[in-house]
Amino acid sequence: MEDQSFSFKLEKQQGSARAGNFTTPHGNILTPVFAPVGTQATVKAVSPAQLAETGASLVLANTYHLYLRPGADLVEAHGGLHSFMRWDGPMLTDSGGFQVFSLSDTRKVDDDGVTFKSHIDGSTHRLTPELSIQVQEKLGADIIMAFDECAVPVDLAYNRKSMARTHAWIERCMRVKQRPDQALFGIVQGGVFPELRRESASFIASLGLPGNAIGGLSVGETKAQMHAMLEVVDPILPTDKPRYLMGVGSPEDLVNGILRGVDIFDCVLPTRLARHQAAFTRYGRINLMNSANASLKSPIEDGCQCYTCRNFTRAYLRHLIIAKEILAATLISIHNIQFLVTLMKNARQAILDGTFNDFSASFLAEYKPSSRKEQT
RNA sequence: GUGGCUGUAGCUCAAUGGCAGAGCAUCGCACUGUGGAUGCGAGGGUUGUGGGUUCGACCCCCAUCAGCCACC
């Protein structure tokens, strides 16, 4: 079904950490990789040229949002997502499955699909595995995702049922998929339950898809639970296919994910935090609005090669924030994206050099997570 | 000069004799397959000043100061 456009070469492995090269019709993805999120066919506040300058390769967009607005037919009529939003590099679309979870106020899930109300105009819609694939084929991303259900990971009985449903849906996705220039990834579910995760990973691995994702994590469970689930899944998923941890995440989560065999990450965090005035540094997250930055002539991070840090002081960025200038979101987004992209590049190089253990240990020792629900 | 109105948080204003509050601003925290350039919280007061009435006064009375308006 897939043509020769997609191949994954595992270049080097150190422990569970992997350095690879995933070939797509729009260029290679060197892994580990972080994909910034452009839900509505735009990485918020950042132009494609600025995005390219951060070193980002893979960009994510969202089926649910684009299906509702402007509609898949319109995107298709404009030559697909790459052409429509002017991103020449690899792209990935989420299936809409996550919205089944995050918009649970207004959804109804059954074995055939999900009925939900539009957050834009309240109109009722129905999404099925078949429709999700049809929409994603019109959008035209290089990597498309199976339509899954992301259940709240607390109820074992419900998670078992939900996992079975997700597995059935993936097979339906495979049956209707037509375009050979798109790679369909399956998604492992199973909540925080090792036995379910094992079963799900075995099933997904057996499908022989060009890539495999791990879903249903970073949705409220503890870090320890997330790590445990990754460790359960790591030895089961095929080593010769990329693994994608959906929706993750923070810098420490990326490093911890690589340590447990993950190749691809995506997250809204760098851009959302930027719009909320927070920036990553190697020592942890800082809030640029803090008055301590009011007169600082230093950049967000000394030595950072991003456009923002090469040109602008913290005092200027804080001024933009206080004055409510939209450039603040742009400049901080550029920094945060490049921070994670660079972290992935450095991690990849360390794996290739055989020094990833030291790299990850020293990064995790230096980087101080600011969230209160950290650790544990 | 005469009369009137107004003085409460940094700012704009509530509170009609019963625990002085709000919005904005300031300060801080959070954000994980993006309904959100958002959400949560904190600090901040000799109610212009001085007297009086009252169990109790931002509130009523007297004086005084300041600003504004009108009329001489």
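Letters A, B, ... mirror the listed sequences (proteins, then strands); counts begin at 1. Atoms considered below: every heavy atom in the structure, side chains included; atoms not considered: hydrogens, waters and symmetry mates.
Between A:Arg69 and A:Gly215, the one whose closest nucleotide on RNA chain B sits nearer the 5' end is A:Gly215.
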With 3.5 Å as the limit, what N/O pairs link the protein to nucleotides 37-43 of chain B?
{"residue": "B:A37", "atom": "O2'", "partner": "A:Arg275", "partner atom": "O", "Å": "3.4"}

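For B:G44 and B:C27, the C1' atoms lie 10 Å apart once the distance is rounded to whole Å. For the C1' atom pair drawn from B:C58 and B:U6, the interatomic distance equals 14 Å after rounding to whole Å. Separation of the P atoms belonging to B:U8 and B:C59 is 13 Å when rounded to the nearest angstrom. Using C1' as the reference atom, B:G45 and B:A15 are 14 Å apart when rounded to the nearest Å. Distance noted for atom P between B:U53 and B:A14: 30 Å (whole Å).
The side chain of A:Asn62 contributes no N or O atom lying less than 4.0 Å from OP1 or OP2 of B:G33. In this structure, A:Asn287 does not reach the B:C31 phosphate: none of its side-chain N or O atoms is under 4.0 Å from OP1 or OP2. At the phosphate of B:U34, neither OP1 nor OP2 sits under 4.0 Å from any side-chain N or O atom of A:Ser102. In this structure, A:Arg285 reaches the B:C31 phosphate: one of its side-chain N or O atoms is under 4.0 Å from OP1 or OP2. Between A:Arg272 and B:G36, a side-chain N or O to OP1/OP2 separation shorter than 4.0 Å is absent.
Nucleic acid contact for A:Ile322: sugar-phosphate only, since backbone atoms but no base atoms lie under 4.0 Å from a heavy atom of the residue. Within 4.0 Å (heavy atoms only), A:Asn290 reaches sugar-phosphate atoms of the nucleic acid but no base atom. Residue contacts for A:Ser291: at a heavy-atom cut-off of 4.0 Å it reaches the sugar-phosphate backbone alone, with no base atom in range. Using a 4.0 Å heavy-atom criterion, one finds that A:Gly216 contacts the bases of the nucleic acid, with or without backbone contacts as well. A:Leu273 comes within 4.0 angstrom of a base, heavy atoms only. Among the heavy atoms of the strands lying under 4.0 Å from A:Asp94 is at least one base atom, whether or not backbone atoms are also near. Heavy atoms of A:Ser118 sit nowhere under 4.0 angstrom from any nucleic acid atom.
Side-chain contact check for A:Phe339 versus A:Pro251: some heavy-atom pair is nearer than 4.5 Å.
Taking every heavy atom of residues 186-197 of chain A and every atom of RNA chain B, pairs under 4.0 Å involve A:Ile187, A:Gln189, by number.
Relative orientation of the A:Tyr316 and A:Phe312 rings is parallel, given thresholds of 30° and 60° on the angle between their planes. A tilted orientation is assigned to the rings of A:Phe22 and A:Phe8, their planes being inclined by 30° to 60°.
Shown here is A:Arg126, whose CZ atom has more than 12 heavy atoms of other residues, nucleotides or ligands within 6.0 Å.
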Q. Would A:Lys177 and A:Glu137 count as a salt bridge (Lys or Arg N to Asp or Glu O under 4.0 Å) if you check the C-alpha gap in whole Å, the side-chain angles of each, and the deciding distance to 0.1 Å?
A. CA-CA 8 Å; A:Lys177 178 182 182 304; A:Glu137 293 196 330; 5.2 Å; no

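Taking a pair as Watson-Crick or G-U wobble with both distances under 3.5 Å, RNA chain B forms stems of 3 or more consecutive pairs at B:1-7 with B:65-71, B:10-13 with B:21-24, B:26-30 with B:38-42, B:48-52 with B:60-64.
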